[in-house]
Amino acid sequence: QVQLVESGGGLVQPGGSLRLSCRVSRFTLNYYAIGWFRQGPGKEREGLSCIGLSDGTTYYSDSVKGRFAISRDYAKTTVFLQMNSLKPEDAAVYYCATDRFMRCGSHFLTRTDFGSWGQGTQVTVSS
């Protein structure tokens with residue numbers, strides 16, 4: 001079973017930046033992409049971005065395009081989410097997720113039943 005561990009959350013002022021990390025272990029064959037999701041208080045879980053592990057293909061939701069950037073450190077099996085120009089509405093618990101045979105694209109961000117989720121990391125945006 002793939003294990004995902006997020007880190008890097010915290011308190012940041014509006015306009016500030018944070019870099020989240022998703023460390024992946026126990027990878028087996030047929031895992032092609034990892035994505036970032038978030039769930040704010042009283043809101044549904046929202047897909048933000050994904051990245052292809054072999055070719056680096058990326059995809060972003062409209063809500064974060066231009067402000068967030070996803071990347072991977074292939075050697076360390078870590079996926080990052082650089083978040084800039086943070087807004088109060090970005091406050092949420094951020095999760096990474098993956099599943100077998102899922103490639104990065106719009107469909108990845110709309111899926112909810114991934115086989116592997118991390119425990120989440122809290123991001124608070126407040127002055």
Side-chain angles (χ1 to χ4, degrees):
Q1 180 79 16
V2 171
Q3 291 189 337
L4 307 173
V5 179
E6 302 95 337
S7 62
L11 172 64
V12 63
Q13 293 185 343
S17 298
L18 277 177
R19 189 192 198 201
L20 305 183
S21 298
C22 173
R23 188 168 183 88
V24 187
S25 60
R26 301 187 182 178
F27 250 147
T28 60
L29 293 175
N30 301 318
Y31 285 91
Y32 303 143
I34 290 176
W36 282 98
F37 299 76
R38 70 184 178 189
Q39 188 165 17
K43 298 181 181 180
E44 293 187 354
R45 189 168 291 183
E46 176 189 9
L48 304 177
S49 182
C50 58
I51 186 166
L53 295 176
S54 60
D55 62 6
T57 300
T58 59
Y59 190 87
Y60 296 92
S61 69
D62 288 342
S63 63
V64 302
K65 193 178 298 182
R67 296 191 299 126
F68 291 11
I70 193 170
S71 61
R72 76 206 190 297
D73 181 339
Y74 196 59
K76 296 181 178 180
T77 321
T78 303
V79 173
F80 305 98
L81 187 67
Q82 177 67 42
M83 307 188 296
N84 301 320
S85 303
L86 284 163
K87 307 174 184 179
E89 53 263 41
D90 293 317
V93 179
Y94 284 68
Y95 303 87
C96 53
T98 189
D99 210 339
R100 287 188 174 92
F101 309 116
M102 284 291 296
R103 298 190 184 276
C104 179
S106 59
H107 60 285
F108 196 106
L109 301 189
T110 57
R111 179 171 174 172
T112 58
D113 60 341
F114 285 92
S116 298
W117 290 92
Q119 83 290 349
T121 185
Q122 177 73 51
V123 172
T124 303
V125 184
S126 174
S127 54

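These numbers were taken from a predicted model, which means no experiment stands behind them. Note: hydrogens, waters and symmetry copies are ignored here, and every other heavy atom, side chains too, is used.
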Check whether any side-chain heavy atom of Tyr94 lies under 4.5 Å from a side-chain heavy atom of Met83, and answer yes or no.
-> yes

Taking the side chain as C-beta and beyond, is there a heavy-atom pair between Gln119 and Val5 under 4.5 Å?
-> yes

Would you say Thr77's side chain and Ser25's backbone share a donor-acceptor pair under 3.5 angstrom?
-> no

Identify every side-chain donor-acceptor pair in residues 100-109 under 3.5 Å, counting partners at least two apart or on other chains, and give the distances.
residue, atom, partner, partner atom, Å
Arg100, NH2, Thr28, OG1, 3.3
His107, NE2, Arg103, O, 2.8

Please tell me if the side chains of Thr124 and Val12 come closer than 4.5 Å, counting only heavy atoms from C-beta onward.
-> no

For residues Trp36 and Phe68, determine if any side-chain heavy atom of one lies less than 4.5 Å from a side-chain heavy atom of the other.
-> no

Can you measure from OH (Tyr95) to CZ (Phe37) and round to the nearest 0.5 angstrom?
-> 12.0 Å

Is there a side-chain contact between Arg38 and Val123 (heavy atoms, below 4.5 Å)?
-> no

With side chains defined as the heavy atoms from C-beta onward, is the minimum distance between Thr121 and Ser7 less than 4.5 Å?
-> no

Do Thr78 and Asp73 have side-chain atoms, one donor and one acceptor, less than 3.5 Å apart?
-> no

Acceptor/donor pairs from residues 56-63 side chains to any protein atom, 3.5 angstrom cut, sequence neighbours excluded:
residue, atom, partner, partner atom, Å
Thr57, OG1, Asp55, OD1, 3.0
Thr57, OG1, Asp55, OD2, 2.9
Tyr60, OH, Ile70, N, 2.8
Ser61, OG, Ser63, OG, 3.0
Asp62, OD1, Lys65, NZ, 3.4
Ser63, OG, Glu46, OE2, 2.7

So, the side chain of Glu6 versus the backbone of Gly120: is there a donor-acceptor pair under 3.5 Å, distance only?
-> yes

Side chain to side chain, Val2 and Tyr31, heavy atoms closer than 4.5 Å = yes

Closest contact, heavy atoms only, Pro14 versus Ser126 | CD-C, 3.6 Å

Verify same cluster id: Leu18, Val125 (apolar side-chain graph, 4.5 Å) = yes

When rounded to the nearest 0.5 angstrom, what distance separates CG in Asp99 from CD1 in Ile34?
-> 11.5 Å

Joint hydrophobic cluster, Val93 plus Phe114, side-chain heavy atoms closer than 4.5 Å = yes

When rounded to the nearest 0.5 angstrom, what distance separates SG in Cys50 from CG in Leu81?
-> 11.5 Å

Side chains of Ser116 and Gln3 in contact at under 4.5 Å (non-hydrogen atoms) | no

